[in-house]
Amino acid sequence: MSVVAPLNPVLIMDRFGGAIQDLGVAHGIHVFVVPPDKIVEFCLFLKDHPALRFNFLSDICGVDRFPDTPRFETVYHLYSLPNKWRVRIKCRLGDPPVVPSVTGVWRTANWHEREAWDMYGISFIGHPDLRRIYMWEGFEGFPQRKDFPLRGYKDKLNPFGAEGPPPTQPDLATKEIP
Amino acid sequence: MTEVTELTRQEGEALNSKEVLLNLGPQHPSTHGVLRLVLELDGEYVERVDPHIGYLHRGTEKLAESFTYTQIFPLTDRLDYLCPPSNNLAFAIAVEKLLGIEAPIRAQYIRVMMAELARISGHLLITGALPMDLGAMTALLYAMREREMIMDLLEMITGARMHTSYCRVGGVREDLPEGFLPKIREFCDIFPNRIRDYERLIDNNRVFLSRTRGVGVISGKDAIDWGLSGPNLRASGVDWDIRRDEPYEIYDRVDFRVITRDEGDCFARWQCRVDEMRESIRIIEQCIDEIPEGPFQIDMPTIAFPVDKERVHCSMEALIQHFDLSAYGFDVPAGEVYSAIEAPKGELGFYIISDGSPKPFRMKVRAPSFVNLQALFGVSNARYLADMIAVLGSLDPVMAEVDK
């Protein structure tokens, strides 16, 4: 078993300085907090820098921290195949959540972002095809949000659902980044 | 047909009269479950493919937020139902990392044996199903015969054939039954010969070769860009296996080869899986030889039921803890963890955010099939429809895992 040298964050912090936040290592993974407007630049830097080469996007995950603020988060897990490092990038988002898409950096981000849109209503600017992926077209609300009831809302197909009107779906896809 | 047109066409986009929209699935034998492909065809040529998923969406992640950690194990079984022990293992490791504990060595050996059995069981299905999709029915029947042997082994350990739910946080549910090791050794002796049978059956099958060789080629660079993992990535020449590169459990103690192929076509993906089954047998054999005696469950009454059940009958404190553990679960320290294992389909990761309560605040499953299926976009365009079936089969998506 070869011993892997840990990731040295100095290189990254030098480049981005005060714009990002280094949360240190948590359970073997280095964590950075990046503002939404820097996310694409940050990902490209991690991917293309010859000493880092985070070429594999493992996962993009939406998080709802309701009722805390900022309410939403997108969490990116990257892996560097040559260096065998993992890194976690967090992007804290307000409500309504809007973040630039990283589909231009990795094509695999496409479905991950569609899932985050479908489940949390996180709107990815620049995504080529931001449609629902699991729920059907015309479904109202974002089911994995903390304020969405586990059993859904009551209607004629779902007699065991919670009382109350389903939330109307805001049209976020056209909004600019704050 | 009109309904499909409305769903997939953008407004203002005129349908070329030459093109035909074809709806493949959601009930179709070659889509391996409930996958619906909306295809834009020009004759037999696929211009564009749009996979529609979600027919099996059960909301595993949302459900997990209202379950205790132990209750989530049965949910993970239902992700990739061809190899539940791997899913159990991935989840158990993630929670153990949060708790800062490790399972006893014997439990780790048992888990690895189970995970490798699961890998063989998952690969066997596709070894048989891919030729079946392409018209060679016989292979599947033979593969199912061997899969039955694995099912019997799983039944012997866990009592269940499919949804084993065998791992627990801090170990496994029960020790191996008596007479299990000779049984699994018998399987290890028989199985390599059976793999040779499949190869003799398929490797010289001209129809199979002409429909898979050179079809659906994915370059290594593209494969990484699409996020492929597991055998699909290794068939494109990328040498990455989490078992070797980020060893978990006792994988650093066993010797195995990481199988790679350079061609990146459907045949390479099929071959990769066949060879991986051989390596799995080697791993299991080493585990049988080296498995130590000892506890199969961590000795922490707040997390795991006591190994010695008599304690619960004799001690008031043990009874209270037992009750508490059953009714309330156990608190997991606040924090975040991402832990990935090499599941049969690729990188299976669990990202868990804990807020200190006995239920996860957020659980995200990085399902390998979900990511692998997406590569269908890149591969199938400008291909014959018949080739697309081969590509889909060779990517080996399990819809239960795609839809979570």
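So that the names make sense, note that chain A is the first sequence line, chain B the second, and so on, each numbered from 1. The figures that follow rest on heavy atoms only: side chains count, while hydrogens, waters and symmetry mates do not.
At least one side-chain heavy atom of B:Phe370 sits under 4.5 Å from a side-chain heavy atom of A:Ile133. For the pair A:Trp136 and B:His57, the minimum side-chain heavy-atom distance is 4.5 Å or more. Looking at heavy atoms from C-beta onward, B:Arg366 lies out of side-chain contact with A:Ile60 at the 4.5 angstrom threshold. Under the 4.5 Å side-chain criterion, counting only non-hydrogen atoms from C-beta, B:Asp50 is in contact with A:Arg131. Taking 4.5 Å as the limit, every side-chain heavy atom of B:Trp226 sits out of range of all side-chain heavy atoms of A:Trp106. Side chains of A:Trp111 and B:Pro51 form a contact here, defined as non-hydrogen atoms less than 4.5 Å apart. When side chains are defined from C-beta on, A:Pro143 does not count as touching B:Lys62, because their heavy atoms never get closer than 4.5 Å.
Atom OH of B:Tyr351 and atom CZ of A:Arg88 lie 5.0 Å apart (nearest 0.5 Å). From B:Met363, atom CE reaches atom SG of A:Cys61 across 10.5 Å, with rounding to the nearest 0.5 Å. Taken to the nearest 0.5 Å, the CD1 atom of B:Ile353 stands 6.0 Å off from the CD atom of A:Glu73. In this structure, the separation between CD1 on B:Ile53 and CD on A:Glu115 is 8.0 Å, given to the nearest 0.5 Å. Rounding to the nearest 0.5 Å places CZ of A:Arg132 at 14.5 Å from NE2 of B:His52.
Only the side chain of A:Leu81 comes within contact range of chain B, with heavy atoms under 4.5 Å apart. Using a 4.5 Å cut-off between heavy atoms, B:Asp222 contacts chain A through both its backbone and its side chain. Heavy atoms closer than 4.5 Å to chain A are found in both the backbone and the side chain of B:Glu336. The contact between A:Val105 and chain B is made entirely by backbone atoms, counting heavy-atom distances below 4.5 Å. For B:Val337, the parts lying near chain A are the backbone and the side chain together; criterion is any non-hydrogen pair under 4.5 Å. Contacts between A:Ile29 and chain B at a heavy-atom distance below 4.5 Å involve the side chain alone, from C-beta outward.
Judged by distance alone, with hydrogens and angles left aside, the side-chain atoms of B:Arg362 form no donor-acceptor pair with the main-chain N or O of A:Asp64 at under 3.5 Å. Side-chain N or O atoms of B:Lys364 include none that pairs as donor or acceptor with a backbone N or O of A:Val63 at under 3.5 Å. In this structure a side-chain-to-backbone donor-acceptor pair under 3.5 Å is present from B:Gln374 to A:Thr108. Remark: side-chain polar atoms of B:Lys97 are not paired, donor with acceptor, to backbone N or O of A:His27 under 3.5 angstrom. At least one donor-acceptor pair under 3.5 Å links the side chain of B:Asp225 to the backbone N or O of A:Arg107.
Looking at every heavy atom in both residues, A:Lys84 comes nearest to B:Asp245 through CE-OD1, 3.5 Å.
Surrounding CZ of A:Arg65 are more than 12 heavy atoms belonging to other residues, nucleotides or ligands, all under 6.0 Å away. Atom CD of A:Glu41 has more than 12 heavy atoms from other residues, nucleotides or ligands within 6.0 Å.
Ranking A:Asn55, A:Leu57, A:Val31 against chain B, the residue ahead of the rest is A:Asn55, based on heavy-atom pairs under 4.5 Å. Counting heavy-atom pairs closer than 4.5 Å to chain A, the top-ranked of the candidates B:Asp355, B:Val238, B:Leu228 is B:Leu228.
Ring geometry, A:His77 versus B:Tyr338: the interplanar angle falls under 30°, so the pair is classed parallel (tilted spans 30 to 60°).
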(request) List the steps and the verdict of side chain to side chain contact (heavy atoms under 4.5 Å, CB included) for A:Tyr134 and B:Arg58. (result) CA-CA 10 Å; A:Tyr134 286 140; B:Arg58 293 142 297 172; over 6 Å; no

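Between B:Glu347 and A:Arg86, at least one side-chain N (NZ, or NE/NH1/NH2) sits under 4.0 Å from a carboxylate O, which counts as a salt bridge.
Both tests pass for A:Lys146 against the ring of B:Phe361: distance under 6.0 Å to the centre and angle within 45° of the axis.
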